[in-house]
There are 2 protein chains.
Amino acid sequence: MNKTFRPTESELEILSILWDKENATVREVHEVVQKTKDVGYTTTLKLMQIMNEKGLVTRNVSSKTHIYTPTLKKEKAQEQFVGKMIQTLFSGSTSQLVMQALGKHKPSDSDLAEIKSMIQKLERK
Amino acid sequence: MNKTFRPTESELEILSILWDKENATVREVHEVVQKTKDVGYTTTLKLMQIMNEKGLVTRNVSSKTHIYTPTLKKEKAQEQFVGKMIQTLFSGSTSQLVMQALGKHKPSDSDLAEIKSMIQKLERK
DNA sequence: GATTGCTTACGAATATAATCGTATAAAATA
DNA sequence: TATTTTATACGATTATATTCGTAAGCAATC
């Protein structure tokens, strides 16, 4: 079994910061959050405490300043959100999602090459 | 200018039904909603009334039973959600999203061919 | 040792989303 | 025409998410 987490918008923002840094203190996270949102320190603290209760993160409490680590893996979250999006917005069609993404946000040439080789691999299956 | 709507989860579900049917009455929408969620008719009604206030849908009131039409276009919603997802979950990398999608949900051969031709078009740009 | 600053804990306020019950009117039907 | 069915309107409740103020403890600095 593998519980499916459904992080809220704010939680997702914090998670993406944690994914970036591997792990971090509330202050470190808050410093990044502040760049985009104007909220108080205790707001970020509270959110991270709630995320801990939900099991989205764990924390190391051995020193006064706690260190938070995400338990939900980035890949898992990507999988969940992409899957959900394909269902609700693209009528279950992966290719439609891919076309939309490529059309609106063109990747670099090397990225295109990478995608191409992936498609070739898929075709051989 | 072009206001960016941010439909909630329930609103998105209703929108996807409306996109499918072009337009529909509350009862028609509710019948589909009921297949997945166990909620009362007035809940669906209320949601659609709120969506009307927000401008997510318009409605034709000329007969007793109102007919609702989505104003937010499916393509626009796709664009918004895909863009947001690329930013928050894929560090701004379109190709990463594409790879994830292709890896987890393999499209049909004809869809793959379609994607391939799209890539070729992009390469020429 | 007293003061200042940083940290967590936690209750409470506020905002937003979702749900439903009831009233009322129109239409369908008995 | 009386009754039943179906629709909207809308207030109220409940659930969930977000925000912040304040208390208390610890540590660095004065």
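Convention: sequence-line order gives letters A, B, ...; per-chain numbering from 1. Hydrogens, waters and symmetry mates play no part in the numbers below; they use all other heavy atoms, side chains included. As the structure is a computational prediction, the values presented were derived from the model and not from experiment.
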State whether [X] places a side-chain N or O below 4.0 Å from either non-bridging phosphate oxygen (OP1 or OP2) of [N].
X     : N      : value
A/T8  : D/dT16 : no
A/S10 : D/dA17 : no
A/Q49 : C/dA9  : yes
A/Y41 : C/dT8  : yes
B/R27 : D/dT6  : no

query: Any side-chain heavy-atom pair from B/H66 and B/N52 closer than 4.5 angstrom?
result: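 Result no, sub-4.5 Å side-chain heavy-atom pair not found.
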
Closest nucleotide among [options] to the [X] side chain:
X     : options                : result
A/T42 : D/dA7, D/dG21, C/dG21  : D/dG21
A/K46 : D/dT19, D/dA12, C/dA18 : D/dT19
B/R59 : D/dA9, D/dA7, C/dC10   : D/dA9
B/T43 : C/dC10, C/dC20, C/dA17 : C/dC20
A/V39 : D/dT8, C/dT19, D/dT19  : D/dT19

- prompt: Between A/K84 and A/E79, is the closest basic N to carboxylate O distance under 4.0 Å?
  reply: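 Answer for the salt bridge query: no.
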
- request: For the pair A/E123 and B/K106, find out whether any cationic side-chain nitrogen is under 4.0 Å from an anionic carboxylate oxygen.
  value: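 Salt bridge: no.
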
Rounding to an integer number of Å, can you tell me how far [X] [atom1] sits from [N] [atom2]?
X     : N      : atom1 : atom2 : answer
A/I50 : D/dT19 : CD1   : P     : 11 Å
B/E9  : D/dA15 : CD    : P     : 18 Å
A/L12 : D/dT16 : CG    : C1'   : 17 Å
B/E53 : D/dG11 : CD    : P     : 10 Å
B/H30 : D/dA7  : NE2   : P     : 11 Å
A/R6  : C/dA18 : CZ    : P     : 11 Å
A/L47 : D/dT19 : CG    : C1'   : 8 Å
B/E11 : C/dT19 : CD    : P     : 12 Å

message: Consider side chain to side chain contact (heavy atoms under 4.5 Å, CB included). Of A/V26, A/V33, A/T25, A/V32, which one does A/V29 pass it with?
response: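 Passing option: A/V33.
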
- request: In sequence, state the C-alpha distance, the side-chain angles, and the governing distance for A/T44 and A/K37, and then conclude on side-chain hydrogen bond (donor to acceptor under 3.5 Å, both in side chains).
  value: CA-CA 11 Å; A/T44 304; A/K37 276 203 286 186; over 6 Å; no

query: Between A/T65 and B/D38, which is nearer to the 5' end of DNA chain C once each is assigned its nearest nucleotide?
result: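 Residue closer to the 5' terminus by nearest nucleotide: A/T65.
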
task: Go through the N and O atoms of the side chain of B/K64 and the base of D/dT8, and report whether any donor-acceptor pair is under 3.5 Å.
output: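 It does not, because no donor-acceptor pair links the side chain of B/K64 to the base of D/dT8 below 3.5 Å.
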
